[in-house]
Peer 1: 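I'd like to ask you about the structure that follows.
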Protein chains: 2
Amino acid sequence: MADDTETIGLLAGLGPDIAADLLKQAQRRTIRTDEVLFTAGQPACSVHVLACGAAKLMQTTPGGARVIVKYVRPGEVFGSPALLDKFYPTDAVAVTECVELQWPSELVRTVICRHPRVALNVIGDLEARLREMEDRLRDLSNEPVEHRLARAILKLVETFGQQTGEGIEIPFPVSRQDLADLIGSTLPTVSRTLSAWEAQRQIRRARRRLVIADVATVARVLYEETIPEPKPRRSHRRAARR
Amino acid sequence: MADDTETIGLLAGLGPDIAADLLKQAQRRTIRTDEVLFTAGQPACSVHVLACGAAKLMQTTPGGARVIVKYVRPGEVFGSPALLDKFYPTDAVAVTECVELQWPSELVRTVICRHPRVALNVIGDLEARLREMEDRLRDLSNEPVEHRLARAILKLVETFGQQTGEGIEIPFPVSRQDLADLIGSTLPTVSRTLSAWEAQRQIRRARRRLVIADVATVARVLYEETIPEPKPRRSHRRAARR
DNA sequence: CGCCGAGTTGATCAGGCTCAACAAATGTGG
DNA sequence: CCACATTTGTTGAGCCTGATCAACTCGGCG
């Protein structure tokens with residue numbers, strides 16, 4: 001398992017011996033698909049890293065609406081609120097069989113004191129997530145569903161995509177509802193758009209998995225009919241028309 | 001200026017002497033209203049803290065759409081991407097006369113090594129911003145404009161609000177366009193809603209400032225007509241109707 | 001074989017965006 | 001201090017994206 005050292009962002013730049021030592025101190029847990037790693041509202045007392053597999057972080061509002069905040073990929077930190085003794089803000093659910101590492105938060109805090117590099121790694125991770133959220137916020141404010149959907153899929157592709165004979169496959173089930181929750185839309189709307197793309201052979205489904213046959217064409221959705229708009233300062237919302 | 005020590009989250013928990021020392025090393029800059037602190041895309045080489053005043057962080061898309069990512073309040077860190085030698089992801093614009101402190105990023109990195117507490121402070125700040133973004137994402141996906149607007153205003157109130165004779169005032173100009181960019185809507189829509197609230201005396205305007213006369217009633221917007229929805233699991237979007 | 005959750009698809013309707021013309025407020029120079 | 005220019009806000013009319021509701025299909029499973 002020593003090769004985790006290379007994957008895990010948290011331990012980057014630490015020197016193999018130290019990293020290995022920290023790894024040994026981690027609590028290791030295997031979680032089956034659809035099982036819950038933690039729940040929103042629970043007190044967060046350890047910092048988590050996904051060693052392998054994939055998980056989704058999501059919130060459910062009292063009204064029943066759901067939002068997928070993020071898909072976690074191997075090597076990423078999640079549950080960092082633990083460092084501040086807060087509560088988990090989201091549910092975390094395994095979407096694959098996966099392996100998770102946990103360190104109790106006080107331990108991590110002392111590690112940070114001894115190896116401040118770890119703190120920088122955490123900061124880097126958080127910073128990246130913040131950027132990601134800013135992007136999504138922009139999309140949600142300005143882009144139509146079709147664009148948001150394309151972008152969400154492209155993102156899944158570059159984060160989790162695996163080349164197969166049929167195209168690039170997302171190696172875990174992504175339901176239409178999931179996609180809807182990811183882009184702030186609804187199942188029927190997503191279904192419609194995807195049906196169209198399926199008809200055009202840009203995507204397909206293989207045993208519960210999403211397969212993107214033609215990434216370039218999906219990406220093109222984002223650029224076609226983006227009005228060059230000669231006017232110096234258009235005001236707002238929906239750059240596309242016609 | 002030693003009293004900055006108490007306000008500045010970055011320096012929390014450091015001991016007055018150390019904090020004072022760090023403060024001395026900061027580059028201090030005064031910025032006038034509407035001036036730019038930094039621009040999206042610039043290489044970020046120092047970490048900023050707002051000593052006093054207020055600033056907004058915003059992005060402008062090529063299409064001309066704008067998003068206000070955050071209003072920065074005194075004591076907050078902004079421009080932390082510098083720690084990783086990245087680029088500023090947003091523009092930062094002063095909305096008041098304000099004073100900013102800057103530390104070159106390498107300096108901050110060494111400070112972090114000597115005083116890991118600083119790293120925890122940064123992490124705390126980022127974590128809080130992440131939570132905030134998650135909330136906004138949820139709102140944008142699920143709530144109608146009216147709710148988002150109410151929430152945005154309430155947030156401004158609790159972050160910047162100052163009690164005055166007329167009610168609680170936001171101590172800097174917030175245009176309808178700003179509010180629109182904050183909640184992902186458009187100027188005309190915001191204007192309409194606000195006109196209504198103005199007519200009902202919940203808010204007013206005094207010399208370019210927003211004054212919230214009746215916070216409770218604005219807050220009530222969020223709760224009235226939230227359907228109790230007996231059904232165990234409604235699917236999605238817009239909990240409110242009728 | 002019948003059930004159940006997930007997906008499809010049609011019909012309908014409304015929130016809120018767009019366009020546009022006008023009114024207020026702020027600022028500028030004489 | 002007033003006329004004009006510029007920016008910011010107001011308000012009406014119309015339309016379109018995408019949500020909602022609903023009926024039906026499909027694939028998997030006990």
Side-chain angles (χ1 to χ4, degrees), chain A residues 33-34 63-66 95 139-150 172-181 183-199 203-210 221 225 227 229 231-242, chain B residues 33-34 63-66 95 139-150 172-181 183-199 203-210 221 225 227 229 231-242:
Chain A
T33 306
D34 288 331
R66 293 185 320 182
V95 293
D139 273 17
L140 219 38
S141 312
N142 301 312
E143 306 287 354
V145 164
E146 205 182 34
H147 284 207
R148 306 205 303 266
L149 187 53
F172 49 81
V174 181
S175 72
R176 318 265 138 161
Q177 181 68 60
D178 286 335
L179 287 170
D181 295 342
I183 66 173
S185 177
T186 57
L187 191 156
T189 302
V190 169
S191 178
R192 273 181 250 271
T193 312
L194 251 40
S195 298
W197 293 354
E198 227 162 312
I203 63 172
R204 70 156 51 68
R205 244 166 318 170
R207 73 217 145 78
R208 215 97 192 94
R209 303 278 181 282
L210 198 56
V221 170
E225 66 177 356
I227 285 197
E229 198 81 42
K231 302 185 194 173
R233 265 296 242 67
R234 280 314 296 132
S235 60
H236 198 49
R237 202 101 171 174
R238 189 136 311 126
R241 273 186 264 128
R242 193 155 344 280
Chain B
T33 307
D34 288 331
R66 294 184 320 180
V95 293
D139 273 15
L140 220 36
S141 311
N142 302 312
E143 306 287 355
V145 164
E146 205 183 32
H147 283 207
R148 306 206 302 267
L149 187 53
F172 49 82
V174 181
S175 72
R176 317 264 138 162
Q177 182 68 59
D178 287 335
L179 287 170
D181 295 343
I183 67 173
S185 177
T186 57
L187 192 155
T189 303
V190 169
S191 178
R192 273 181 248 271
T193 312
L194 251 41
S195 299
W197 293 354
E198 228 162 311
I203 64 172
R204 70 156 50 68
R205 243 166 320 168
R207 74 215 144 79
R208 216 96 190 93
R209 303 276 180 284
L210 199 57
V221 170
E225 67 179 353
I227 285 196
E229 198 82 40
K231 303 185 192 173
R233 264 295 243 66
R234 280 314 296 136
S235 60
H236 198 47
R237 201 96 169 176
R238 189 134 312 126
R241 273 186 266 130
R242 193 160 342 283

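The basis for the numbers below is simple: all heavy atoms, side chains too, and nothing from hydrogens, waters or symmetry mates. Every chain is numbered from 1 and lettered A, B, ... according to where its sequence line falls, protein lines coming before strand lines.
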Peer 1: Side chain of A/T186, heavy atoms from C-beta onward: which of D/dG18, D/dA19, C/dT8 has the nearest atom to it?
Peer 2: D/dA19
Peer 1: Roughly, in whole Å, what's the span from CG in A/N142 to P in D/dG18?
Peer 2: 13 Å
Peer 1: Tell me whether the OP1 or OP2 atom of C/dA6 has a side-chain N or O from A/R205 closer than 4.0 Å.
Peer 2: no
Peer 1: Looking for any heavy atom pair under 4.0 Å, which part of the strands does B/R207 touch: base, sugar-phosphate only, or nothing?
Peer 2: nothing
Peer 1: Between C1' on C/dT26 and CG on B/D34, what's the gap in Å once rounded to a whole number?
Peer 2: 13 Å
Peer 1: Between A/D181 (CG) and C/dG7 (P), how many Å, whole number?
Peer 2: 11 Å
Peer 1: Closest to the A/S185 side chain: D/dA19, C/dG7, C/dG16?
Peer 2: D/dA19
Peer 1: Within this structure, what is the CZ-to-C1' distance between A/R148 and D/dG18, rounded to whole angstrom?
Peer 2: 9 Å
Peer 1: Find the distance B/L187:CG to C/dA24:C1' and express it as a whole number of Å.
Peer 2: 14 Å
Peer 1: Measure across B/W197 and B/V221 and return the closest heavy-atom pair with its distance rounded to 0.1 Å.
Peer 2: CZ2-CG2, 4.0 Å
Peer 1: Carefully, step by step, assess A/V174 and A/V95 under the rule side chain to side chain contact (heavy atoms under 4.5 Å, CB included).
Peer 2: CA-CA 9 Å; A/V174 181; A/V95 293; over 6 Å; no
Peer 1: Look at the side chain of B/S195 and decide which nucleotide, out of D/dT8, D/dG18, D/dT11, has an atom nearest to it.
Peer 2: D/dT11
Peer 1: Identify the two heavy atoms, one from B/R176 and one from B/L194, that lie closest to each other, and give their separation to 0.1 Å.
Peer 2: NH1-CB, 3.1 Å
Peer 1: Report the distance from atom CD1 of B/I203 to atom P of D/dG9, rounded to the nearest whole Å.
Peer 2: 12 Å
Peer 1: What is the distance from CD1 of A/I183 to P of D/dT17, rounded to the nearest Å?
Peer 2: 16 Å
Peer 1: For B/R208 and for B/P188, find the nucleotide of DNA chain D with the closest heavy atom, then tell me which residue's nucleotide is more 5'.
Peer 2: B/R208
Peer 1: To the nearest 0.5 Å, what is the distance between OG1 on B/T193 and CD on B/E146?
Peer 2: 6.0 Å
Peer 1: Atom CG of A/L140 to atom P of D/dT17: distance rounded to whole Å?
Peer 2: 18 Å
Peer 1: Under 4.0 Å, heavy atoms only, any strand: does B/R192 hit a base, just the sugar-phosphate, or nothing?
Peer 2: base
Peer 1: Starting the side chain at C-beta, find the nucleotide from C/dA6, D/dG9, C/dC17 nearest to B/V145.
Peer 2: C/dC17
Peer 1: On the nucleotide D/dT10, are OP1 or OP2 found under 4.0 Å from the side-chain N or O atoms that B/R176 carries?
Peer 2: yes
Peer 1: Out of D/dT11, C/dA6, D/dA19, which has the shortest distance to the side chain of B/S191?
Peer 2: D/dT11
Peer 1: Given D/dG9, C/dT8, D/dT10, identify the nucleotide with an atom nearest to the side chain of B/S175.
Peer 2: D/dG9
Peer 1: Could you point out which residue of A/N142, A/V190, A/L179, A/D139 forms a side-chain contact (heavy atoms from CB on, under 4.5 Å) with A/R148?
Peer 2: A/D139
